[in-house]
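Following: one structure in structure tokens, then a few remarks.
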Amino acid sequence: MNLESPKISVSKSPEDVFNFLADIKNFEYLMPENISKFEVLSEDKFLFALKGMPEIVLKKKEVIPPNKIVLGAAGGKLDFSLIVNITQVDATTSKVKLDFTGDFNPMMAMMIKGPISKFIETLVTSIPKSI
């Protein structure tokens, strides 16, 4: 299953956006209002839970400054990645898009597609307000 967030414009350089998102504790500022738990587990791993959903642990898997950060599921039954793509528009503007990729059975994919699409859209649209 592959999902993409809308591509949003941020009035910051790719380096500024990358540095903000590379610090995983900043993901707390991007979370939706229905977050029930957020905990930094290490410098490259955090746990979060949304109301009514199981806890999810994300770990930084790949970092390519200043254009890409890959967060992946750390443990648990679900295997997925959240990929942050940052592209430069000019010296002071960037475009950011989130890609979600996961290997789910068709039934699971059908159930989680809507909530995950909404979740990654919330994350990406919170970036300009949070940096």
Side-chain angles (χ1 to χ4, degrees):
M1 181 168 85
N2 296 315
L3 301 171
E4 294 182 3
S5 76
K7 197 178 260 192
I8 55 113
S9 187
V10 182
S11 299
K12 297 279 185 185
S13 71
E15 291 78 12
D16 289 344
V17 175
F18 178 87
N19 291 337
F20 178 81
L21 295 174
D23 185 348
I24 58 152
K25 73 177 181 287
N26 289 330
F27 275 84
E28 184 171 10
Y29 305 116
L30 308 178
M31 290 288 162
E33 290 179 8
N34 66 337
I35 187 166
S36 60
K37 185 174 189 177
F38 186 93
E39 189 178 321
V40 175
L41 302 174
S42 68
E43 69 179 34
D44 66 348
K45 193 179 344 180
F46 67 94
L47 173 151
F48 72 95
L50 303 175
K51 288 187 182 108
M53 300 286 284
E55 291 180 353
I56 296 171
V57 178
L58 285 176
K59 178 179 174 56
K60 244 192 282 184
K61 303 272 187 174
E62 184 181 3
V63 179
I64 303 170
N67 303 109
K68 187 176 184 181
I69 300 169
V70 178
L71 301 171
K77 297 179 182 111
L78 303 176
D79 184 27
F80 65 89
S81 295
L82 183 63
I83 303 147
V84 180
N85 293 294
I86 306 163
T87 52
Q88 183 168 351
V89 175
D90 59 38
T92 59
T93 310
S94 306
K95 293 273 187 192
V96 182
K97 181 171 76 87
L98 299 179
D99 294 322
F100 177 92
T101 61
D103 192 16
F104 305 108
N105 68 46
M107 185 70 180
M108 175 69 87
M110 191 174 72
M111 287 173 29
I112 64 175
K113 184 177 182 181
I116 291 177
S117 294
K118 187 183 247 184
F119 175 70
I120 64 173
E121 185 174 338
T122 299
L123 290 180
V124 81
T125 55
S126 297
I127 293 170
K129 297 176 265 187
S130 301
I131 294 183

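Bear in mind the structure is a predicted one, so any value in this text is a computation, not a measurement.
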Are the side chains of [X] and [Y] in touch, meaning some heavy atoms are under 4.5 Å apart?
X: Ile56; Y: Phe80; value: yes
X: Pro32; Y: Leu50; value: yes
X: Asp99; Y: Asn2; value: no
X: Phe46; Y: Asp44; value: no
X: Val84; Y: Leu123; value: no

How long is the straight-line distance from [atom2] of [Y] back to [atom1] of [X], given to the nearest 0.5 Å?
X: Phe38; Y: Ile24; atom1: CZ; atom2: CD1; result: 6.5 Å
X: Lys59; Y: Glu43; atom1: NZ; atom2: CD; result: 9.0 Å
X: Ser36; Y: Glu55; atom1: OG; atom2: CD; result: 7.5 Å
X: Ser81; Y: Asp79; atom1: OG; atom2: CG; result: 6.5 Å
X: Asp90; Y: Ser11; atom1: CG; atom2: OG; result: 9.0 Å

Would you say [Y] ends up clustered with [X] if hydrophobic residues are merged whenever their side chains have heavy atoms under 4.5 Å apart, either directly or through other cluster members?
X: Met1; Y: Ile120; answer: yes
X: Phe48; Y: Ile83; answer: no
X: Phe18; Y: Ile131; answer: yes
X: Met31; Y: Leu82; answer: yes

TODO: Just jot down the side chain to side chain donor-acceptor pair (under 3.5 Å) partners of Lys45, sequence neighbours excluded, or say none.
DONE: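 With neighbours one apart ignored, the set is empty.
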TODO: Considering non-hydrogen atoms only, spot the tightest contact between Ser42 and Val40 and give its length.
DONE: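 Ser42 and Val40 have their closest heavy atoms at O-CG1, 3.3 Å.
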TODO: Each residue besides Leu47 in its hydrophobic cluster should be listed here, by chain and number; the cluster joins Ile, Leu, Val, Met, Phe, Trp and Tyr at side-chain heavy-atom distances under 4.5 Å.
DONE: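 Listed partners: Leu41, Val57.
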Taking only distance into account, with no hydrogens and no angle test, what donor-acceptor pairs under 3.5 Å do side-chain atoms of residues 101-118 form with protein atoms, sequence neighbours excluded?
{"unit_1": "Asn105", "atom_1": "OD1", "unit_2": "Met107", "atom_2": "N", "d": "3.1"}
{"unit_1": "Asn105", "atom_1": "OD1", "unit_2": "Met108", "atom_2": "N", "d": "2.7"}
{"unit_1": "Ser117", "atom_1": "OG", "unit_2": "Lys113", "atom_2": "O", "d": "2.8"}

Task: Pairing residues for Ser130 by the side chain to side chain contact (heavy atoms under 4.5 Å, CB included) criterion, not counting sequence neighbours - done: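 Residues passing side chain to side chain contact (heavy atoms under 4.5 Å, CB included) with Ser130: Phe20, Tyr29, Leu30, Ser126.
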- [ ] Go through the structure and list residues passing side chain to side chain contact (heavy atoms under 4.5 Å, CB included) with Lys95, not counting sequence neighbours.
- [x]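 For Lys95, the residues satisfying side chain to side chain contact (heavy atoms under 4.5 Å, CB included) (neighbours in sequence not counted) are Lys7, Ser9, Thr87, Val89.
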Pairs under 3.5 angstrom only: tabulate donor-acceptor contacts from the side chains of residues 61-71 to other protein residues two or more places apart or in another chain.
{"unit_1": "Asn67", "atom_1": "ND2", "unit_2": "Ile86", "atom_2": "O", "d": "2.9"}

- [ ] Look at the side chain of Ser94 and the backbone N and O of Val10, then say whether any donor-acceptor pair between them is shorter than 3.5 Å.
- [x]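 Here the side-chain-to-backbone pair does not exist.
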Open item on the list: What verdict does the side chain to side chain contact (heavy atoms under 4.5 Å, CB included) test give for Ile127 and Leu21, after you've listed the backbone C-alpha separation in whole Å, the side-chain angles of each residue and the deciding distance to 0.1 Å?
Closed with: CA-CA 9 Å; Ile127 293 170; Leu21 295 174; 4.0 Å; yes
